[in-house]
Amino acid sequence: MDYDSIFKKLTRGARFDRTKYREDAENLGIIPKKAPKLEENIPENDPKKGIFVTNMNIDDDTKYPLLSDFNEVNKAIKNNLKEVLRWENPTRIQMAAIPILRAGENCVCTAATGSGKTGAFMIPVIEKLLKVGKKNVKDTIFTIVLSPSRELAEQIGGVGRALARGLWPKISDTSQSDKNIQSCHVLCGTPNRIINMLDSKELDLSKCQMIVLDECDKMLEITNKLNPDDPKSFSAQVNLLRSQCADNHQMGLFSATMSGSVEKFGHANFNNQGVTVAIGKSGNAVNQNVSQKVIYCGNERGKLLALREFIKDGFRPPAILFTETKERCQRIMGELLYDGINAMSLCAAKSNADRQKVIQATRVGKVWLLITTDVASRGLDLPMTSTVINYDCPNSVTDYVHRVGRRGFKPHLSIFRLKSICLIPLKRCGRYNRSGHAITFFSDADRDRIRILRGVMVQSGAELPQSVMNLAKADLNDKKRVKTQKVEREELQTKVPRKNPIAAKKFKNRMTKMAIVDRKRIRKQNNLKVLEGGNDAEDGGEWETAE
Ligand SMILES: Nc1ncnc2c1ncn2[C@@H]1O[C@H](COP(=O)(O)OP(=O)(O)OP(=O)(O)O)[C@@H](O)[C@H]1O
């Protein structure tokens with residue numbers, strides 16, 4: 001019997017503190033040494049580290065030189081980068097992806113939220129147009145950029161227009177007028193909206209040479225396994241649009257999180273001829289600049305109290321609060337209506353124009369608390385957001401990563417308390433290299449969800465309460481179940497519990513202290529006005545798919 005077997009026999013059933021003895025075990029060679037985390041390896045002064053480029057065809061050893069600075073970009077675009085957007089140096093995803101897209105390769109790119117993926121595809125798209133020339137392109141659509149929500153499409157269009165300012169390529173998004181859309185060279189939109197325009201013969205994509213899928217894992221997700229061609233699913237819509245574009249079109253797939261469906265899509269459609277780019281830690285990773293916290297609230301009433309406490313303690317506006325459904329989003333909006341803070345709601349229940357107004361108001365700092373659903377979780381650049389509150393736990397790690405990725409304030413700017421008026425110079429602030437906080441409330445109903453999220457939280461340095469660490473580990477089946485199962489939640493309300501008079505009295509006292517006094521004081525001091533309440537329109541899902 002060798003030493004290993006004797007050790008195993010002697011220690012059978014013994015429990016070791018993994019973290020405490022890990023180093024000893026590694027040094028003794030009992031367990032293999034753990035590879036250092038990729039993100040930790042990246043020295044601040046060497047931005048080129050942590051970029052992983054792999055050819056899908058293992059026999060292909062083509063190397064793509066990284067774009068070291070914006071001097072290598074078309075001169076006119078470079079001017080706009082510096083003058084309009086104020087971007088000095090390329091981010092790591094921009095360094096890696098721009099040369100690959102320029103070379104005409106299909107690519108699948110993963111980089112953390114807020115790492116500059118929009119620029120990574122928009123810069124080469126405009127460069128290509130300038131290279132092909134206006135005469136050859138004429139007034140046809142050369143590229144389409146597809147995203148899961150209208151707001152994101154609009155935002156991408158905005159970045160494109162900033163990059164192409166003063167140049168001939170026209171960048172439009174589907175929120176613009178038909179005339180603008182029909183004469184553009186790059187069209188950003190949701191697949192559903194573009195298909196509608198194709199159906200009414202307003203668009204022709206036959207000359208479209210390039211398709212970019214932003215948030216590609218969402219766009220290629222098979223939501224209906226029984227009917228993968230369900231026209232309501234993004235993936236079916238994307239396939240339909242691809243069939244309308246030029247045969248040899250190039251594709252760029254971008255997201256902060258990846259899924260098996262993107263891999264499958266790449267293998268099936270790129271003929272093993274694409275390139276994958278991963279920045280930093282691969283897989284679903286929380287941006288390293290986010291500090292995370294988990295608060296146990298017991299039940300729905302506890303969540304509302306925790307939210308009021310968060311507001312009362314003073315926070316640095318704006319903050320974003322995520323709820324599970326548009327109904328809950330409206331309910332919380334109703335609860336906070338008289339609390340004297342500038343809150344607005346953003347969800348699928350709002351009209352297009354209202355949604356635009358809310359986003360604009362948040363961007364210029366008029367909104368202190370944006371109450372929303374997952375419709376705002378992906379891609380939206382809401383600068384200076386200090387805190388993301390997961391009022392309802394997301395049901396997957398992917399959603400968690402995207403939600404907390406919305407934060408982005410500069411830590412050295414002063415903290416604004418509720419008393420002060422929010423006058424932040426927001427105009428030229430972005431999320432890139434910014435930090436922030438993420439707070440996740442969880443009630444007993446969210447217990448299974450927090451088990452799923454615990455891994456990614458711990459991995460990204462969150463310090464969790466012991467009660468969360470003690471919960472049983474979630475396996476693959478749990479993850480699948482949690483993703484599809486609806487959580488039964490109590491009615492969201494702060495009504496006094498009637499059955500138990502003692503609890504009712506305690507509750508009433510607390511509410512009186514926290515809400516009423518505070519509400520009056522804040523309103524009196526600041527003469528504040530809540531900007532808008534929600535409406536009760538009942539339309540389709542949160543995402544912009546066919547209805
Ligand atoms: N090279 C750069 N230098 C400075 N800021 C940049 C640069 N590139 C992008 N940014 C800024 O970083 C912020 C995030 O960019 P962007 O929205 O493209 O990120 P993203 O990777 O697409 O994020 P998400 O995954 O959340 O959609 C924006 O405010 C943008 O203006």
Side-chain angles (χ1 to χ4, degrees), residues 47-48 66-73 77-78 80-98 108-125 145-149 151-163 188 212-219 252-258 262 277-280 284-290 320 322 359 362-363 374-385 388 398-410 424-436 438:
K48 289 186 188 172
L66 298 180
L67 180 96
S68 39
D69 60 47
F70 284 141
N71 289 327
E72 295 168 31
V73 171
I77 300 178
K78 188 184 91 183
N80 286 338
L81 281 168
K82 303 231 155 133
E83 302 300 323
V84 184
L85 288 165
R86 307 257 165 135
W87 296 356
E88 293 299 329
N89 295 303
T91 63
R92 285 185 287 158
I93 184 67
Q94 291 164 0
M95 285 179 181
I98 293 175
V108 180
C109 304
T110 328
T113 51
S115 60
K117 292 185 285 295
T118 315
F121 58 76
M122 262 306 174
I123 295 172
V125 163
V145 181
L146 304 177
S147 72
S149 73
E151 289 75 16
L152 181 53
E154 246 177 87
Q155 180 182 299
I156 299 169
V159 175
R161 284 188 285 279
L163 287 168
C188 312
V212 177
L213 300 189
D214 197 14
E215 308 299 344
C216 61
D217 53 331
K218 183 89 211 162
M219 304 294 285
L253 314 185
F254 287 79
S255 186
T257 49
M258 281 295 159
V262 179
V277 179
I279 307 298
N284 296 342
V286 172
N287 190 304
Q288 56 182 352
N289 298 332
V290 186
I320 305 181
F322 285 101
I359 288 180
T362 313
R363 286 206 170 117
D374 273 319
V375 78
S377 68
R378 280 186 179 250
L380 274 194
D381 195 29
L382 299 169
M384 306 300 286
T385 300
V388 168
T398 314
D399 287 347
Y400 180 76
V401 170
H402 284 279
R403 280 185 185 186
V404 304
R406 295 313 102 213
R407 92 288 159 272
F409 77 99
K410 224 174 188 169
I424 310 166
L426 293 171
K427 264 197 165 170
R428 292 213 167 92
C429 303
R431 272 178 302 143
Y432 178 57
N433 245 347
R434 299 286 163 94
S435 40

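Heavy atoms only: backbone and side chains are in, while hydrogens, waters and symmetry mates are out. Residues take their numbers from the sequence shown, with the count starting at 1. Both counts, for ligands and for their atoms, begin at 1 and track the order of listing.
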Is the shortest side-chain heavy-atom distance between P90 and I98 below 4.5 Å? no
Short N or O distance, A256 and ligand 1, threshold 3.5 Å exclusive: no
Would you please name every residue forming a side-chain hydrogen bond (donor to acceptor under 3.5 Å, both in side chains) with S255, sequence neighbours left out? D217
If you count the atoms of ligand 1 from 1 in the order shown, which ones are under 4.0 Å from a heavy atom of S115? 19 (O), 20 (P), 21 (O)
All heavy atoms of E72 vs all of L66, minimum pair found to be OE1-O, 4.1 Å
Ligand 1 to A112, heavy atom cutoff 4.0 Å, flagged ligand atoms 21 (O)
Just to be sure I read this right, does ligand 1 sit under 4.0 Å from the backbone of R86, its side chain, both, or neither, counting only heavy atoms? neither
Mind listing the closest non-hydrogen atom pair of M122 and C188 along with its distance? CE-SG, 3.8 Å
Matching residue for L163 among I77, V73, V125 - test: side chain to side chain contact (heavy atoms under 4.5 Å, CB included): I77
Record the part of Q94 in heavy-atom contact with ligand 1 below 4.0 Å; permitted values are side chain, backbone, both and neither. side chain
Note: ligand 1 atoms sitting under 4.0 Å from heavy atoms of T91 are 1 (N), 2 (C), 7 (C), 8 (N)
The answer for which part of N89 has a heavy atom under 4.0 Å from ligand 1 is backbone
Could you pull out the closest heavy-atom pair between E151 and L380, with the gap in Å? CB-CD2, 3.7 Å
Those atoms of ligand 1 less than 4.0 Å from some heavy atom in T118: 16 (P), 17 (O), 18 (O), 22 (O)
Kindly write out the residues that satisfy ring-ring contact (aromatic ring centres under 6.0 Å, His included) with F254, not counting sequence neighbours, or none if the list is empty. F121
Option set K117, R406, E88, criterion heavy-atom distance to atom 25 (O) of ligand 1, minimum: K117
Candidates F121, F254, W87; heavy atom nearest atom 10 (N) of ligand 1 found on W87
Quick one: look at R378 and ligand 1, take heavy-atom pairs under 4.0 Å, and tell me if it's side chain, backbone, both or neither. neither
What are the two closest non-hydrogen atoms of A256 and T110, and how far apart are they? O-CG2, 3.7 Å
For T257, run the side chain to side chain donor-acceptor pair (under 3.5 Å) check against K218, E215, H402 and tell me which one passes. H402
Atom indices of ligand 1, in the order listed, that fall short of 4.0 Å to a heavy atom of E215: 27 (O)
Purely on distance, is any nitrogen or oxygen of G119 under 3.5 Å from one on ligand 1? no
